[in-house]
Peer 1: 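I have a structure I would like to understand better, so I am pasting it below and will then ask my questions one at a time.
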Amino acid sequence: MSKKFPENKKFDLSKINKEINVFWKENEIFEKSVESRKGNPTFVFNEGPPSANGKPGIHHVMARTIKDLFCRYKTQQGFQVKRKAGWDTHGLPVELAVENAKGITKEDIGTKISIEEFNAACRKDVMKFTNMWEELTESMGYWINMDDPYITYDNKYIETVWYLLKELHKKELLYKGYSIQPYSPAAGSGLSTHELNQPGCYRDVKDTTVVAQFKVINNDKSVSLFNATDTDLYILAWTTTPWTLPSNTALTVGANIEYALIRTFNPYTGIPITVMIAKELMGRYFPEKYAEMPLEDYVPGNKHVPFKILTTVMGGVLEGLSYEQLIDWVKPEGKSFKVLLGDFVTTEEGTGVVHTSPTFGADDYRVALANDIASLIVIDKDGNEQPLVDRKGRFFRIKDLDEGFVMNQVNLETYGAFEGKYVKNEYDETKSEKDPTIDVDIVVQLKTENKAFRIEKHIHNYPHCWRTDKPILYYPLDSWFVRTTAMKERMMELNDTINWKPASTGTGRFGKWLENLVDWNLSRARFWGTPLPIWVTEDKSEQICIGSVAELKSEVDRSVKAGLMKTNPLENFMIGDNSEENYSIFDLHRPFVDEIVLVSESGQKMLREPVLIDVWFDSGSMPYAQYHYPFEHKDDFDQLYPADFIAEGVDQTRGWFFTLHAIATMLFDSVSFKNIISNGLVLDKAGNKMSKRLGNAVDPFHAIQEHGSDPLRWYMITNAQPWDNLKFDVSGVDEVKRKFFGTLYNTYSFFALYANVDGFTYEAEEVQVETRPEIDRWVISLLNTLIKEVKEQYENYEPTRAARLIQDFVTENLSNWYVRLNRKRYWGGEFDTNKRAAYQTLYTCLETVAMLAAPIAPFYMDKLFNDLNRITKRHTEESVHLTRFPEHNDSLIDTALEARMEVAQKLSSMILGLRRKVNIKVRQPLNRMMIPVPDQVFQEQVDGVKSLVLNEVNVKDIEYITDTAGILVKRIKPNFKVLGPRYGKLMKEVSSAINEMEQEEIARFEKEKAFHIRIGEESIALTLEDVEIISEDIPGWLVANEGAITVALDIGITEELRMEGVARELINRIQNIRKESGFDVTDKINVLIEKHELINIAVKKHKQYIGSQTLANSVSLTDSIENDLSKRIDIDDDVFINIRVTRV
RNA sequence: GGGCCUGUAGCUCAGCUGGCUAGAGCGCACGACUGAUAAUCGUGAGGUCGGUGGUUCAAGUCCACCUAGGCCCA
């Protein structure tokens, strides 16, 4: 086998990606990374299940990079990190996709197509993009076990979910209620708050709004108000949904809000009226300037309507007022049309009076219930109570209502024109956006009836169904709830123990949400999902919640015995047998469970509640259900739960994060996860949201193919903190590729090139670090600091900082400084200890970087590691991902040395800057530079790096200036950190006194090490610690200064220096010729140079030097050379000579 | 309307517990280097740190309000 480090001409990360993937697969590296940690402590990671019926996007690469890198890191730390993939398979999106594909609607399910058929189609459809997901997973290098994923539709998974539900039921945390919920008539489904969470649900819409006039009835309660006026009295209430006005049964005011009675005119009819409105909000409807206008001058139709405040009252005294029904389509039964008090009334908007329709508003429902106010309901043909709007989103058709009800309570005359009309045009296929809405019809009618005070268009934020894109309604629905409010306090307590990244998401977004928690609405009236395992008797007096297949089997047995079922479909189910076969003889979905009839304690027939549960409960159950707990893994569950780490997008805060936390708190009194990163969004480069519609979405497959996964991952991690939004710009990926990977690769190539020449294989004895040259010890010191800090950042879940540290080390310290300054050590010369140290040092740096960066850039780092390790065999592991994370060695960290080198870097940079200023090439040697040294320490620092600096900037010597004989111009600055606390308010004056010190005073201060300044009456004693004195200038010299360092350069070029410069120019030209001629790095040459007065002396004098640098056996001068064998070169602007270079 | 995040150079981002002349990369301009060369390096221009007010000897940093953008929720 070749003992050479691989050298590749091309650097193709995308190709490396593929090669390494093959390597991983063939050698089962992922499996080994888990297996090899067997018996070690576990690091529990839980994967949030993606929905397999959607295609993966670039944001998945982001989230999965974060997940992957910590799992890899923890593996390197020695933990066993099991990673089980999962699929979220239930829910509305799947159903809608199938409906779409089959061209059916919800109504057709159970009629045109059986539920069984439909669910079979869902089961198939949901996994349709599985291949794509697997491909992405592999190509991006996301290590997760896809062979045995948890699937939420799996019987075992469902069984665990049932178990959890039963536990909730036992604790009486599961109950049936009725509430106003977001409902999508277009989808025919209620929406969970989690579904309303979907990005883009809330959208600005323009609706017709109306301030309606509710006519107060003059009675005992209101008589005092009527005494104040001579007209009818109206309460003004504003609504953005006029279609709810026919369902109005109350008005709600704020007890502590002041309301004004205002005498004015209806602007549309011109009829004199008195209206009531929150005083604070008057300005919107009654511009101050019209207050002056005399009421009696008003001419109907005039836009300027005069008004006059008659009196004001507090909302509290309005409670109990009666008013006339605004729209008399349907008579409500029970107490109605009263003024109520509510704490949700504000004076932010509208009139300070809330139009209350208990069937269409959550607050409305609550306040009505508390005050015993009736809802406006109708009775349908089946005798059920319904709101005025049916499930399709239209006013109930008269033919769908109970005849008796219509006769007694419906005003056919007024309702007739509206029955069957959709309340939103979006629901009506025959209508477009441009058609007038039902709101307009209603409002126009009110206008003619003197019941509308102000009509206007209003833009507001309104939720839309995330799938159909159509507006939702708030609608009364029966539901099963999880009583999350009962555990609110505990959830908050446990939340405080979770390490959130960023912390603000935990305390703010999530914490505040917990504070305002409402009960979790669990029911979904759909088909494809986990069925609610609750059976209820017809009279609803008895119920049972089933918690396992075994329990179901025995309950069915009872039912069979009671004669309610003929046979037990679970007859063949073997209790306790967890095999796939045993669990595949039935299907816990509908319609299987619907067909099961159970018998109650008292012998009554029980039917299943015909609902499914919220899919979020499925995903929140994954920590348990993925392992079929407690039916399996009961004994080792403490090894699998709770999770040490999860990560998902911040949009999951109220989704998955919440459901995990809620279930864990309620049933296990535990957190579900200890550390969590919620990452931000991936936006396009302009900061816009990516969407298919806009065509700005980045295709992850294409991006990986084009750039390779590593640069993509590295870019995503380094560019912004994970929790900030990422403005994704491919040019940034390119930059990362060039800047970081390119540099690292170059550094490796450089190493490989010379290591191969010299046959370095790290076999020879390790050179003791203490005996290595200073620059080696410097880079090793930095490397150890790097190891320490990178580990800290990973441990703190700060991947961005870790990656930036690594990148900085590679590009700045390793490549730009260490390798650049050390190049000469690698080429030519003996393979002595010094050279060995150079190789070993560079090798260690490369190897360590590979190990540190492996979690983030798993492909290239594995290649780098193996390219190195295959030759040296320093590690027995066959992949970097099987190695242990490097440990830093404190004794190798030399901060003084690091500081010294920083001085060297600064000095070099300053000198190069000076050279540039006066246009002297670096190749031209200069005699000396001078550095004022304020103290011994600094001089020692510079001395330590003297040769490096001199070499780098091509200057012969450094001269230290310690004498303050007056040649140096100094600057003195106060040390605020020391003086500030001491002198407080005096600081300003102290500071200016110090700044105003003369050169001579500074010199005296330095000499005496103490100084007194006068501030008014006070004398202040200063020591050298209180100030900073910097030499700023050396008159007559070329000077640069940066921070506390000042340097001067002697730019005089003597003849001798000039000759040396010429020699260097020659060397440069000869090297170029060597290269152009394609000579090998080790080829020996002969050099023949045409004479020229300007170079003759230089050549003679530096013959030796030129020869050694260019590997020339001979360097000789000649009168002339035949042109065809020579090259014409320029040494100076106007000096051209011929030169011949031949290989020996 | 509420909660949270973000606003620093043309772009992407650093800037820890307040302290001295606010930094880096990219881009741009200019230049150097030339056996790491489909590389590398240097120099320069470019900022009223979103705005206003406050606390403080001292504010990019702390506080209040405002403003713009984003996410989530009403």
Side-chain angles (χ1 to χ4, degrees), chain A residues 9-11 193 196-197 199 201-202 344 346 348-349 362-363 461 463 502 504-513 515-516 649-651 653-655 680-681 683 685 687-689 715 718-721 723-727 729 731-732 734-736 738-740 742-743 745-754 800-801 804 807-808 811-812 815-816 819-820 823-824 826-828 908-909 911-917 919-923 952 973-991 1028 1042-1043 1068-1069 1071-1072 1074-1075 1079-1082 1109-1111:
Chain A
K9 284 268 139 41
K10 270 199 160 171
F11 183 51
T193 45
L196 275 189
N197 262 341
C201 276
Y202 278 79
F344 55 89
T346 67
E348 308 278 353
E349 253 186 340
D363 283 335
N461 215 237
S504 61
T505 298
T507 54
R509 193 180 276 240
F510 194 67
K512 290 272 158 56
W513 153 262
E515 280 172 29
N516 299 308
V650 68
D651 48 334
T653 306
R654 285 152 200 202
L681 270 66
L683 309 169
K685 66 175 170 185
N688 300 311
K689 214 164 183 170
Y715 166 73
T718 51
N719 191 62
Q721 300 277 12
W723 35 89
D724 289 336
N725 289 347
L726 175 72
K727 288 184 197 158
D729 187 354
S731 66
D734 264 329
E735 190 184 322
V736 158
R738 275 204 322 274
K739 189 86 200 148
F740 176 63
T743 305
Y745 169 74
N746 261 320
T747 307
Y748 164 78
S749 298
F750 174 83
F751 166 81
L753 176 67
Y754 291 106
T800 305
R801 290 195 175 161
R804 284 175 178 169
Q807 177 164 320
D808 202 53
T811 58
E812 291 311 310
S815 167
N816 188 22
V819 173
R820 196 158 56 84
R823 277 178 296 184
K824 293 205 171 74
Y826 297 89
W827 72 63
S908 304
S909 148
I911 296 289
L912 290 174
L914 288 175
R915 276 179 170 276
R916 157 104 179 97
K917 222 176 254 172
N919 262 324
I920 298 174
K921 290 181 175 180
V922 179
R923 230 177 284 150
E952 178 70 5
K973 285 192 291 185
N975 184 344
F976 286 97
K977 229 169 189 167
V978 177
L979 292 174
R982 210 156 79 205
Y983 295 108
K985 280 195 200 297
L986 277 177
M987 201 47 218
K988 234 174 210 149
E989 292 168 75
V990 173
S991 164
E1028 200 177 344
E1042 195 187 311
N1068 164 246
R1069 303 304 183 273
Q1071 297 285 35
N1072 280 348
R1074 282 186 63 115
K1075 213 165 90 190
F1079 295 174
D1080 196 82
V1081 187
T1082 51
Q1109 288 294 306
T1110 60
L1111 294 188

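Below, chain A is the first sequence line, B the second, and so on; all start at residue 1. Please read these numbers as outputs of a predicted model, since none were measured by experiment.
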Peer 1: Would you measure the distance from the P atom in G10(B) across to the matching atom in A45(B) and give it in whole Å?
Peer 2: 14 Å

Peer 1: Which nucleotide, C13(B), G27(B), U37(B), lies nearest any side-chain atom of Arg738(A)?
Peer 2: G27(B)

Peer 1: For Asn746(A), answer base if it contacts any base atom (sugar-phosphate contacts may also be present), sugar-phosphate if it contacts only those atoms, and nothing otherwise; contact means non-hydrogen atoms under 4.0 Å.
Peer 2: base

Peer 1: Please classify the nucleic acid contact of Ser731(A) as base, sugar-phosphate, or nothing, using heavy-atom distances under 4.0 Å.
Peer 2: nothing

Peer 1: Rounding to an integer number of Å, can you tell me how far Leu726(A) CG sits from G69(B) P?
Peer 2: 21 Å

Peer 1: Using atom C1' of each nucleotide, how far apart are G47(B) and G7(B) to the nearest Å?
Peer 2: 14 Å

Peer 1: Taking CG from Asp734(A) and C1' from A38(B), how many angstroms apart are they, rounded to a whole number?
Peer 2: 14 Å

Peer 1: Considering only C13(B), G25(B), U40(B), which nucleotide approaches the side chain of Asn719(A) most closely?
Peer 2: C13(B)

Peer 1: Would you mind telling me which of A14(B), G70(B), C26(B) lies closest to the side-chain atoms of Gln721(A)?
Peer 2: A14(B)

Peer 1: Mind checking whether Phe750(A) and Tyr826(A) have parallel, tilted or perpendicular rings, split at 30° and 60°?
Peer 2: perpendicular

Peer 1: I'd like to know if the side chain of Tyr715(A) and the backbone of Ser731(A) have a donor-acceptor N/O pair within less than 3.5 Å.
Peer 2: no

Peer 1: Can you tell me if the side-chain N/O atoms of Arg801(A) get under 4.0 Å from OP1 or OP2 in G15(B)?
Peer 2: yes

Peer 1: Mind calculating the distance between CD (Glu812(A)) and P (U40(B)) to the nearest angstrom?
Peer 2: 12 Å

Peer 1: Check salt bridge (Lys or Arg N to Asp or Glu O under 4.0 Å) between Asp734(A) and all other residues, then give those that pass, not counting sequence neighbours.
Peer 2: Lys737(A)

Peer 1: Mind calculating the distance between OH (Tyr745(A)) and P (U40(B)) to the nearest angstrom?
Peer 2: 13 Å

Peer 1: A39(B) base to Thr743(A) side chain: any donor-acceptor pair below 3.5 Å?
Peer 2: no

Peer 1: Between G60(B) and G19(B), how far is it from one C1' atom to the other, in whole Å?
Peer 2: 13 Å

Peer 1: Tell me which nucleotide among G3(B), A14(B), G25(B) gets nearest to the side chain of Lys512(A).
Peer 2: G3(B)

Peer 1: Determine the Euclidean distance between corresponding P atoms of U6(B) and A64(B); express it in Å to zero decimal places.
Peer 2: 15 Å

Peer 1: Atom NZ of Lys739(A) to atom P of A39(B): distance rounded to whole Å?
Peer 2: 12 Å

Peer 1: Consider the side chain of Ala720(A), meaning its heavy atoms from C-beta on, and name the nucleotide among C26(B), U40(B), C13(B) that approaches it most closely.
Peer 2: C13(B)

Peer 1: Where are the stems of RNA chain B, defined as at least 3 consecutive Watson-Crick or wobble G-U pairs with both distances under 3.5 Å?
Peer 2: B:1-7 with B:67-73, B:10-13 with B:23-26, B:28-32 with B:40-44, B:50-54 with B:62-66

Peer 1: Can you check the Lys727(A) NZ to C5(B) C1' distance for me, whole Å?
Peer 2: 13 Å

Peer 1: Looking only at atom types and distance, does a side-chain atom of Asn725(A) sit under 3.5 Å from a main-chain N or O of Gly680(A), one as donor and one as acceptor?
Peer 2: no

Peer 1: Counting heavy atoms from C-beta on, name the nucleotide in C4(B), C5(B), A36(B) closest to the side chain of Asp724(A).
Peer 2: C5(B)

Peer 1: Pick the C1' atom in A9(B) and in C28(B), then give their distance to the nearest Å.
Peer 2: 12 Å

Peer 1: Starting at CD of Glu515(A) and ending at P of A74(B), how long is that distance when rounded to a whole Å?
Peer 2: 16 Å

Peer 1: U21(B) and G27(B): how far apart are their C1' atoms, nearest whole angstrom?
Peer 2: 25 Å

Peer 1: Using the P atom on both, measure A59(B) against G50(B) and round to a whole Å.
Peer 2: 16 Å

Peer 1: Using whole Å, report how far CG of Asp729(A) lies from C1' of G10(B).
Peer 2: 13 Å

Peer 1: For residues Phe740(A) and Thr811(A), report the shortest heavy-atom separation together with the two atoms involved.
Peer 2: CA-CG2, 4.3 Å

Peer 1: Do the side chain of Arg804(A) and the main chain of Asn719(A) share a donor and acceptor less than 3.5 angstrom apart?
Peer 2: yes

Peer 1: What integer number of Å spans the C1' atoms of C16(B) and C26(B)?
Peer 2: 26 Å

